[in-house]
There are 2 protein chains.
Amino acid sequence: MRLTSKGRYAVTAMLDLAFHSQLKPVTLIDIAARQTISLSYLEQLFARLRRANLVKGVRGPGGGYSLCSNACDISIAEIVAAVGERIDATKCGGEANCQKHHACLTHDLWMDLGDHIKSYLQQITLADLLAKGRVQEVAERQNQEARQVIEIRNHADLMNDIK
Amino acid sequence: MRLTSKGRYAVTAMLDLAFHSQLKPVTLIDIAARQTISLSYLEQLFARLRRANLVKGVRGPGGGYSLCSNACDISIAEIVAAVGERIDATKCGGEANCQKHHACLTHDLWMDLGDHIKSYLQQITLADLLAKGRVQEVAERQNQEARQVIEIRNHADLMNDIK
DNA sequence: TACTTAACCTAGTAAAATAGTCAACTAATA
DNA sequence: TATTAGTTGACTATTTTACTAGGTTAAGTA
């Protein structure tokens, strides 16, 4: 089992999306700036998130990504699974052939651990995270910091929208 | 966070030890044969287990390893930590400086997940695993299979002991 | 129609970690 | 003294990670 930056980035980006995509799609450029994640890497992760039907992309100016479902219907487990992080803790992937076609001495332990983690991540949704005070705080701070980068661009867009 | 063969091997070997070292120390050669783990790799793992005061080694003929404490006092979390597997799920190792000296958007989520896994593995001891029927079954099977390799040697030892 | 935007796609790559191997050395026992 | 088995350190093939670089395609905008 491994949970690396791949899964962390995916969840962080999805949470950013849930936070900012209420009105219109959010570009990966914005997410990359706010969350300090490499744009190209984000693109690769979102290719998988799209294939898993978690997000939908809109091309062209004013485009970007938005969630396919409500934030309360997207669990952390789904996101982590979508980008290919193995939550399973066994060597055999649950096949019980870890030692010469048989279960190894600790097979059940790792199965139970995997189930335990999976059910924990399944019960947490993006909406749950959005509701937390700490998350709101951090998101606010990121807005402040990324303002120079993002808002100048968005401001121009907004002016055009008003026209 | 990652839980790889390193941690799995360590727990498996410790469980094998708990099972077989009641009477006398168990050699890594025996463990390697029963659990199909590379001997040299086992040596590296046991160096760390020894430094963590989980096992003690006895040199020379009749030597081997035995547990430092009772099986009911050794948790899976201790073993996994001893061989250096990071159970922590954060990028920052709990320092909360994951994004430019501040906490990232999902810092708390990964902290909570890490705590959750850690407390799960802390409450399970080697004795708990030994008590399980499945573990007994597998250990029996391994004894059968490894008999050709191990018992011939042990039989000779036993004859000498009787003399 | 030309231009810009941003999604979408493919291939490559430096660095790190994993899961080992190999070889030597030390201590205890028979 | 020979053997056993722990102890140690250095080295290595393979895999994965987290990227970068470069393109193509679709949709709006001037």
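Within every chain, numbering begins at 1; the chains are lettered A, B, ... in the order of the sequence lines, protein sequences first and strands thereafter.
The distance from the CD atom of B:E85 to the OG1 atom of B:T4 is 3.5 Å, given to the nearest 0.5 Å. Atom-to-atom distance recorded for A:R8:CZ and B:C104:SG is 8.0 Å, nearest 0.5 angstrom. Rounded to the nearest 0.5 angstrom, A:L126 CG and A:E78 CD are separated by 9.0 Å. A:I79 contributes atom CD1, which lies 9.5 Å from atom OG1 of A:T125 (distance to the nearest 0.5 angstrom). The distance from atom CD of A:Q99 to atom CZ of B:R34, rounded to the nearest 0.5 Å, is 11.0 Å. Taken from CG in B:N143 to CZ in B:F19, the straight-line distance is 6.5 Å, to the nearest 0.5 Å.
In this entry the distance linking CD1 of A:I37 with P of D:dT20 reads 12 Å, nearest Å. Atom NZ in A:K24 sits roughly 12 Å away from atom C1' in C:dA6 (whole-Å rounding). If you measure from atom CG of A:L45 to atom P of C:dC9, you get 14 Å, rounded to the nearest angstrom. For the pair B:R86 CZ and C:dA16 P, the interatomic distance rounds to 15 Å; values are reported in whole Å. Straight-line distance from the CZ atom of B:R48 to the C1' atom of C:dA19: 13 Å, rounded to whole Å. Put simply, CD on B:E85 is 10 Å from C1' on C:dT18, counting in whole angstrom units. Taking atom CG on B:L3 and atom P on C:dA17, their separation rounds to 16 Å, with Å as the unit. The nearest whole Å value for the distance from the CZ atom in A:R8 to the P atom in D:dT17 is 12 Å.
Results of the side chain to side chain contact (heavy atoms under 4.5 Å, CB included) test with B:V11 over B:I76, B:I74, B:L3 single out B:I76 as the only residue that passes.
A heavy-atom distance below 4.0 Å to DNA chain C is reached by none of the residues of residues 98-108 of chain A.
A centroid separation of less than 6.0 Å is found between the aromatic rings of B:H116 and A:H116.
Heavy-atom contacts from other residues, nucleotides or ligands closer than 6.0 Å to CZ of B:R134 number 12 or fewer. Heavy atoms of other residues, nucleotides or ligands lying less than 6.0 angstrom from NZ of A:K118 number 12 at most.
Across its full length, the helix from C:dT1-D:dA30 to C:dA30-D:dT1 shows an angle of 0° between the axes of its 5 terminal pairs at either end, rounded to 10 degrees.
In this structure, the nucleotide among D:dT17, C:dA19, D:dT4 sitting nearest to the side chain of B:Y41 is C:dA19. Considering only side-chain atoms of B:R2, the nucleotide from C:dA19, D:dT3, D:dT17 that sits closest is D:dT17.
For the OP1/OP2 pair of C:dT18 and a distance below 4.0 Å, the side-chain nitrogens and oxygens of B:Y9 include no atom meeting the criterion. For the pair A:S5 and D:dT17, the criterion of a side-chain N or O lying under 4.0 Å from OP1 or OP2 is not met. For the OP1/OP2 pair of C:dA17 and a distance below 4.0 Å, the side-chain nitrogens and oxygens of B:T4 include no atom meeting the criterion.
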Report each atom pair, protein N/O against N/O of nucleotides 6-8 of chain D, whose distance is under 3.5 angstrom.
| unit_1 | atom_1 | unit_2 | atom_2 | d |
| --- | --- | --- | --- | --- |
| D:dG6 | OP1 | B:L28 | N | 3.4 |
| D:dT7 | OP1 | B:R50 | NE | 3.4 |
| D:dT7 | OP2 | B:R50 | NE | 3.2 |
| D:dT7 | OP2 | B:Y65 | OH | 2.3 |
| D:dT7 | O4' | B:R59 | NH2 | 3.4 |
| D:dT8 | OP2 | B:R50 | NH2 | 2.5 |

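For the pair B:S21 (side chain) and B:K24 (backbone), a donor-acceptor distance under 3.5 Å is absent.
Here A:R141 pairs with A:E145 in a salt bridge; the nearest charged N to carboxylate O distance falls below 4.0 Å.
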